[in-house]
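Since we're looking at a predicted model, the values are computed, not measured. Reckoned from all heavy atoms, side chains included, excluding hydrogens, waters and symmetry mates.
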Amino acid sequence: MAIIGRGQITVHIAEQGEKGDPGESGASSYLHIRYSASSNGNPMVTTPNSYIGIAVTTSATAPTSYTSYAWSLLAGKAGSDGVPGTSSYVHIRYSANASGSPMTTTPNIYIGIAVTTSATAPTSYMAYQWGRLQGETGQPGESSHLHIRYSANSTGNPMSTTPNTYIGTAVTDSATAPTNYTAYTWQRITGMDGADGVDGTSQYIHIRYSANASGTPMTTTVNKYIGIAITNSPTAPTSYVSYTWSQFQGDTGPTGSAGTAGPGIVFRGVFSASTVYYNNTLRRDIVKYGTTYYIYKGTNASSGSWTTTNWESFGAEFTSVATTLLLADLAYIENLGVRNLVTASSGQRIEITSAKNSMAFYTAASSTTPVLEIKTTSDAIYMGQGAGFQIKQTGVNISIFKGYLHQGSEGSGISVPVLPWSQPESIGQHVILQAYTNSATGKYKTGIYIAVSGTHGTATTSDKINGIHIEEGGLFVGGDYTKLRSNNVLSGIVAAGKVSATGTLLKSWVLSFMGGYITSAKTATGKYRITFSNTSYLYGANDYSVIFMPDGPHSNGSTGAYACTMARTSSYFDVWTSDDASTNDCAFTFIVVIMNKFWSY
């Protein structure tokens with residue numbers, strides 16, 4: 001708040017004399033104001049300046065000596081810019097009573113002055129300081145009246161009764177205030193504007209980023225740490241040490257738990273009131289209604305006429321979309337045409353290639369050569385040799401390359417892997433299975449019918465024609481023991497072997513489902529034992545029989561030999577060889593035939 005002035009004004013009010021003798025005539029009081037640039041008032045002028053001088057006399061003529069005035073600082077020295085000041089307002093009211101009640105804006109005997117920070121005058125007489133303004137009527141004294149007006153200009157023109165920057169005072173003998181601004185003495189009541197401060201210096205904020213707390217190296221790309229430098233130059237510092245570094249991005253938090261899978265969407269075509277629609281945790285249905293697609297949000301598994309509250313828009317329908325890259329979590333396309341499609345850039349993937357007119361399947365182990373390729377070239381459909389099978393032109397049989405694994409040349413037929421002994425009989429062993437009901441009489445129906453036509457050549461390089469060719473694995477034909485047909489007689493051949501005269505097993509063969517292997521040993525002269533390594537398939541000693549074919553002459557030079565079974569268990573059988581009643585060493589071949597396993601006694 002600006003200081004208007006400091007000091008003391010003494011106003012002498014003529015008191016009314018005692019009743020009786022007439023009192024002396026009262027003297028009028030005049031308020032005189034001068035200004036000066038000096039605190040003692042010398043020299044003084046009538047133009048507002050830093051100091052104000054006030055003199056109250058009984059003469060309308062102002063004193064000419066600066067010593068006749070009381071001097072106070074009117075305007076503070078110019079200083080540095082401070083906190084914005086608060087404007088002060090002087091409010092004046094009048095009253096006929098010393099208490100100030102009631103008060104008016106019309107000059108009266110008593111004057112009330114209130115100084116506030118609001119332009120609105122207080123309405124309570126208690127907010128004012130009251131003093132006597134008019135002396136009591138003397139004989140023949142004259143009253144003096146102080147008149148105050150305000151103006152926005154130092155000249156006082158125009159003036160008003162509302163507090164403003166400048167205040168004008170006039171002391172007259174009349175209670176009526178002068179109407180001419182020149183009748184008033186004007187002075188500033190708000191502080192003068194201070195001198196302009198020194199121009200400030202522009203400052204620039206420079207920001208850089210870094211992956212490290214030290215700030216090196218730093219970049220303009222947002223990263224974990226941020227560096228800030230404040231300079232007087234618009235050019236950013238190039239050294240990371242010029243910046244103050246702090247962490248900008250928080251550390252990576254722990255991985256949250258996987259969210260639950262959302263429902264899948266199913267396109268149901270054009271809306272139909274008779275169709276049941278679904279809205280549950282696993283599925284939400286989409287329909288086309290008019291020209292817009294909608295997703296179902298009504299009661300799950302319900303049907304009925306179209307109700308807008310049961311459906312929400314699934315998005316606008318576009319006639320066409322042309323773009324370089326399209327990313328979507330899920331897409332339903334009623335008609336899709338593509339030139340090339342790749343499910344992954346490398347490794348396990350599927351590729352559809354327009355130029356080759358093919359579909360190729362790759363695995364992680366075979367990422368450059370497809371394990372399966374379907375294409376139309378000179379063949380109708382060709383699936384490369386690594387694929388396992390090939391379908392050629394119409395009318396040509398299917399060519400299969402060793403079942404699911406191609407390791408040889410074409411024409412190897414079907415290769416079926418032999419299951420290990422640990423596999424139960426109930427699974428995986430029916431490689432080719434055909435169920436057929438014989439509905440006609442006098443005819444035989446077969447599960448597999450093989451007809452081979454051609455000429456069997458005699459040269460070593462010519463083809464050998466076989467309806468069925470069995471190599472190492474042999475053949476096992478199992479028949480139902482309740483149906484005793486002639487073709488079941490030799491269905492139990494399960495093992496065979498050749499033993500030398502010294503007991504060495506020269507060759508052997510065991511049916512796959514029996515598993516294991518056979519061993520042989522010579523126990524005495526002309527006595528041998530053949531042992532099964534796996535006996536879990538045999539019920540007992542009577543489950544099988546053995547056929548012997550001695551390979552005489554035996555060791556004594558005889559031309560004939562005999563062989564027979566002397567003992568038989570589920571684990572082994574003993575063989576004796578001789579040329580007469582005595583035993584003699586002799587090589588022999590044996591064939592083991594299962595009996596009780598498939599036959600009924």
Side-chain angles (χ1 to χ4, degrees), residues 417-421 456 458-460 464-479 486-599 601:
V418 176
L419 294 176
W421 174 259
H456 186 91
T458 58
T460 56
K464 304 299 188 292
I465 306 301
N466 297 291
I468 297 177
H469 178 77
I470 302 173
E471 293 185 354
E472 297 178 3
L475 174 67
F476 172 76
V477 181
S486 61
N487 62 346
N488 289 330
V489 174
L490 296 179
S491 64
I493 300 176
V494 295
K498 182 176 180 62
V499 180
S500 69
T502 60
T504 301
L505 184 63
L506 301 176
K507 294 181 180 181
S508 66
W509 168 81
V510 180
L511 191 64
S512 61
F513 65 76
M514 283 194 66
Y517 53 89
I518 295 174
T519 60
S520 66
K522 179 180 177 182
T523 58
T525 301
K527 297 180 180 181
Y528 306 89
R529 173 166 291 183
I530 310 300
T531 303
F532 301 107
S533 66
N534 192 338
T535 61
S536 62
Y537 195 78
L538 300 173
Y539 290 162
N542 295 324
D543 286 353
Y544 65 96
S545 294
V546 186
I547 301 173
F548 296 101
M549 293 168 283
D551 295 339
H554 51 66
S555 59
N556 63 5
S558 174
T559 58
Y562 306 91
C564 63
T565 302
M566 296 304 296
R568 187 171 69 227
T569 70
S570 61
S571 300
Y572 65 88
F573 61 87
D574 289 337
V575 181
W576 288 11
T577 59
S578 65
D579 60 343
D580 49 26
S582 62
T583 57
N584 290 287
D585 296 338
C586 182
F588 60 91
T589 299
F590 64 89
I591 298 174
V592 180
V593 181
I594 290 290
M595 304 295 286
N596 191 45
K597 182 73 173 178
F598 298 100
W599 285 11
Y601 292 102

Between F590 and F573, is the ring pair (Phe, Tyr, Trp, His ring centres under 6.0 Å) condition met? List the steps. CA-CA 11 Å; F590 64 89; F573 61 87; 5.7 Å; yes
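For T531, the side-chain contact (heavy atoms from CB on, under 4.5 Å) partners are T519, R529, Y572, not counting sequence neighbours.
Under the 4.0 Å criterion applied to side-chain N and carboxylate O atoms, K498 and D551 are assigned as salt-bridge partners.
Annotation: side chain of K522 is in contact with side chain of D585 (closest heavy-atom distance under 4.5 Å). Counting only heavy atoms from C-beta outward, the side chains of I518 and I530 approach each other to under 4.5 Å. With a 4.5 Å cut-off on side-chain heavy atoms, T589 and F548 do not count as touching.
Other residues, nucleotides and ligands place no more than 12 heavy atoms under 6.0 Å from the OH atom of Y562.
Checking side-chain atoms of T583 against main-chain N and O of T525 turns up a donor-acceptor pair under 3.5 Å.
Atom OG of S578 sits about 7.0 Å away from atom CG of N584, to the nearest 0.5 Å. Summarising the geometry, atom OH belonging to Y528 is positioned 13.0 Å from atom CH2 belonging to W576; distances are rounded to the nearest 0.5 Å. A distance of 7.0 Å separates OG in S520 from CZ in F588, rounded to the nearest 0.5 Å.
With 3.5 Å as the limit, one finds no donor-acceptor pair spanning the side chains of S571 and T569.
Taking all atoms of both residues into account, the shortest heavy-atom contact from T577 to A563 is CG2-CB, 4.0 Å.
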